[in-house]
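To keep things clear, I will list the structure first and then write my remarks on it.
Residue indices begin at 1 and follow the sequence shown. Computed from a prediction, not measured in an experiment: that's the story for all the values here.
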Amino acid sequence: MLVVCKFGGSSVSSPERFHQVKSIVESDDNRRVIVSSAIGKTTKDDNKITDLLYLLSAHVKYNINFDSILNKVKYRFNKIKEKLDLKIDLDKEFDEIVKHVDSEDYLVSRGEYLTSLMLSEYLGFRFIDAKDIIKFNYDGKINLEETYKLINEAYNSKDYIVDPGFYGSYPNGDIKLLSRGGSDITGAILARAINAERYENFTDVDGFYVASPKIVDSPKMIKEITYDELRELSYMGASVIHEETIFPIQDVNIPLYIKNTFNPDAKGTIINSSSADKSDIITGIAGKKDFISINVTKNKFSSKLEIIDYCLNVLKKYKVPVESIPTSIDSFSVVVEEKLAKNYIYDILSDLKKNEDIIDVKMDNNLALIAIVGRNMVYKPGISAKIFSILGKNNINIKLISQNTREISIIIGVQNEDFENAINKVYDGLIR
């Protein structure tokens, strides 16, 4: 059995946490491929190394002295080196970093690079630089065929290795970052390439909760979830792992385990392609605030299909993605995320009003979307009715409803001010 383990920033944020990682890795000889994030926070007042490096890059960009920030970064790494008696030459590494501070991707990637170098020495594992195996095309997309080939060339099945997450390189060797949280994706790519039996993602929580503990008091833990459910919940704000993590491993059904570095004996959450467990009707509840609904009324003689197409082309012009399109016979709404549309919203409304077949355009803002997700809802009639009843009894107005025939999720729209209350009431009514 071969296991790929990814450790998040909080798992490698201090000498003591390095020791905890080593204990976890050595407790199972199958854990032979390790992916590391950059040093994270030890306390809530701490800084993540990645945040400091982005700040340092901003100082470079605006010609501001960055010595104090660089010294903070050096201090965090040197503290771990000294406590663990590591031999890595950090002075040499930082001299090299200073030579390349004008490249933000290179600079920011050094968090994962140095953390992984130290972790590989501490574990006694071989270090493989992500730039040598994770390859991007010049359009910014990962060249998976080339990447899988290079991983297999670099990795021996009897190897014990550490690889930095979060970055790779272009064909010319220049460093390219993944999106924030991309170390999760690095781990999934490695698991797929070497045909791992499982992929363990170690973080600072026991697994996925049915709802956010920041909103719901003491929510239940999700024992098992499908890739499709995870995708729905991650997209709507559940942020334990990066939402694109599942893509490399989903079609080959490598199970993903969410585990807690600080409670490694907890079972965690298992993510699979399918699940026979039908004990829970609702798998999870998640949501996000700050959406805008653009409400369009057309001339009753015109084609709704053509008007919707016109509207989508206007949004495409401004590169604003669509979240939902609730419709009725002569009207429809297009829901978009406020932060992506706010700079163009009045241009969008103006362009829509130019169409002679559109007789009215209005906008509702301060809208929140909540997704109630569950693979087992299809087997239980009346879930939608129960949700509407719960919200109605609590005087929470439903602004929109969206559900496809797969019945894996029900999305409702409420006012921002009702967001937390709505999630709590739905959780109490369906879960507790």
Side-chain angles (χ1 to χ4, degrees), residues 2-9 12 32-38 49-50 53-54 57 93 96-97 99-120 125-201 227 231 241-254 256:
L2 176 59
V3 178
V4 174
C5 297
K6 179 262 176 177
F7 289 92
V12 290
R32 300 205 302 270
V33 177
I34 310 302
V35 175
S36 179
S37 295
I49 286 295
T50 300
L53 291 172
Y54 271 118
S57 179
E93 295 292 346
E96 189 66 22
I97 289 170
K99 293 177 185 176
H100 298 88
V101 290
D102 290 333
S103 170
E104 181 174 77
D105 279 25
Y106 174 87
L107 177 61
V108 174
S109 75
R110 298 304 86 181
E112 272 73 13
Y113 172 78
L114 290 178
T115 304
S116 297
L117 271 179
M118 294 200 305
L119 186 60
S120 67
F125 285 17
R126 183 163 69 94
F127 174 79
I128 296 179
D129 195 341
K131 75 177 178 61
D132 297 324
I133 56 174
I134 307 294
K135 289 296 179 178
F136 288 83
N137 298 320
Y138 286 116
D139 63 3
K141 295 179 181 178
I142 296 176
N143 183 334
L144 287 175
E145 182 179 352
E146 177 71 6
T147 292
Y148 292 150
K149 174 176 171 287
L150 289 170
I151 290 171
N152 278 288
E153 288 175 354
Y155 176 70
N156 180 307
S157 61
K158 295 180 181 179
D159 251 353
Y160 292 77
I161 69 167
V162 174
D163 178 67
F166 190 39
Y167 71 91
S169 66
Y170 288 115
N172 66 358
D174 288 349
I175 297 296
K176 169 75 172 72
L177 295 177
L178 287 153
S179 56
R180 196 71 187 262
S183 293
D184 295 338
I185 302 171
T186 305
I189 289 171
L190 278 162
R192 168 65 180 267
I194 63 177
N195 297 312
E197 277 79 10
R198 62 195 281 178
Y199 172 31
E200 297 178 337
N201 194 301
Y227 292 122
R231 177 90 169 131
I241 63 170
H242 195 290
E243 66 187 59
E244 295 179 11
T245 302
I246 65 170
F247 292 147
I249 57 178
Q250 182 174 10
D251 61 341
V252 291
N253 198 25
I254 296 173
L256 169 58

Taking the side chain as C-beta and beyond, is there a heavy-atom pair between [X] and [Y] under 4.5 Å?
X	Y	value
Leu178	Ile142	yes
Ile246	Arg231	yes
Asp129	Tyr113	yes
Ser37	Glu112	yes
Ile161	Tyr155	yes
Val3	Val33	no
Lys99	Ile97	no
Ile133	Thr147	no

Next on the checklist: Working note: Leu256 + Ile249, criterion side chain to side chain contact (heavy atoms under 4.5 Å, CB included); need CA distance, chi angles, decisive distance, verdict.
Outcome noted: CA-CA 8 Å; Leu256 169 58; Ile249 57 178; 4.0 Å; yes
Checklist entry - Charged N to carboxylate O below 4.0 Å: is that the case for Asp159 and Arg32? => result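 Here Asp159 does not pair with Arg32 in a salt bridge, since their nearest N and O are not under 4.0 Å apart.
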Just by distance, do the side chain of [X] and the backbone of [Y] share a donor-acceptor pair under 3.5 Å?
X	Y	answer
Glu197	Leu2	yes
Asp184	Ile241	no
Ser120	Leu117	yes
Asn156	Lys158	yes

Item to check | CA sep, side-chain torsions, deciding dist, call: Ile34, Asp163, side chain to side chain contact (heavy atoms under 4.5 Å, CB included) | outcome: CA-CA 6 Å; Ile34 310 302; Asp163 178 67; over 6 Å; no
From [atom1] ([X]) to [atom2] ([Y]), nearest 0.5 Å:
X	Y	atom1	atom2	result
Leu119	Phe7	CG	CZ	8.0 Å
Lys135	Ile151	NZ	CD1	11.5 Å
Ser57	Asp105	OG	CG	8.5 Å
Thr50	Arg110	OG1	CZ	12.0 Å

Checklist entry - Taking only residues at least two apart or on different chains, which pairs with a member in residues 170-183 satisfy salt bridge (Lys or Arg N to Asp or Glu O under 4.0 Å)? => result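 Pairs touching residues 170-183 that pass the test: Asp51-Arg180.
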Checklist entry - So Val162 and Ile128, side chain to side chain contact (heavy atoms under 4.5 Å, CB included) or not? Walk me through it. => result CA-CA 6 Å; Val162 174; Ile128 296 179; over 6 Å; no
Do you know which two heavy atoms are closest between [X] and [Y], and how far apart they sit?
X	Y	value
Ser183	Tyr199	O-OH, 4.1 Å
Leu53	Leu107	CD1-O, 3.5 Å
Thr115	Ser36	CG2-OG, 3.5 Å
Ile175	Lys131	CD1-CB, 3.7 Å
Phe127	Pro164	CE1-CG, 3.6 Å
Gly181	His242	O-CB, 3.6 Å

Checklist entry - Tell me the ring-ring contact (aromatic ring centres under 6.0 Å, His included) pairs involving residues 160-189, sequence neighbours left out? => result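 Qualifying pairs, neighbours excluded: Phe125-Tyr160, Tyr138-Tyr170.
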Checklist entry - Counting only heavy atoms not in Glu153, do more than 12 sit closer than 6.0 Å to its CD atom? => result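 Yes, the 6.0 Å shell around CD holds more than 12 heavy atoms from other groups.
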Item to check | side chain to side chain contact (heavy atoms under 4.5 Å, CB included) between Arg192 and Val252, worked out | outcome: CA-CA 8 Å; Arg192 168 65 180 267; Val252 291; 3.5 Å; yes
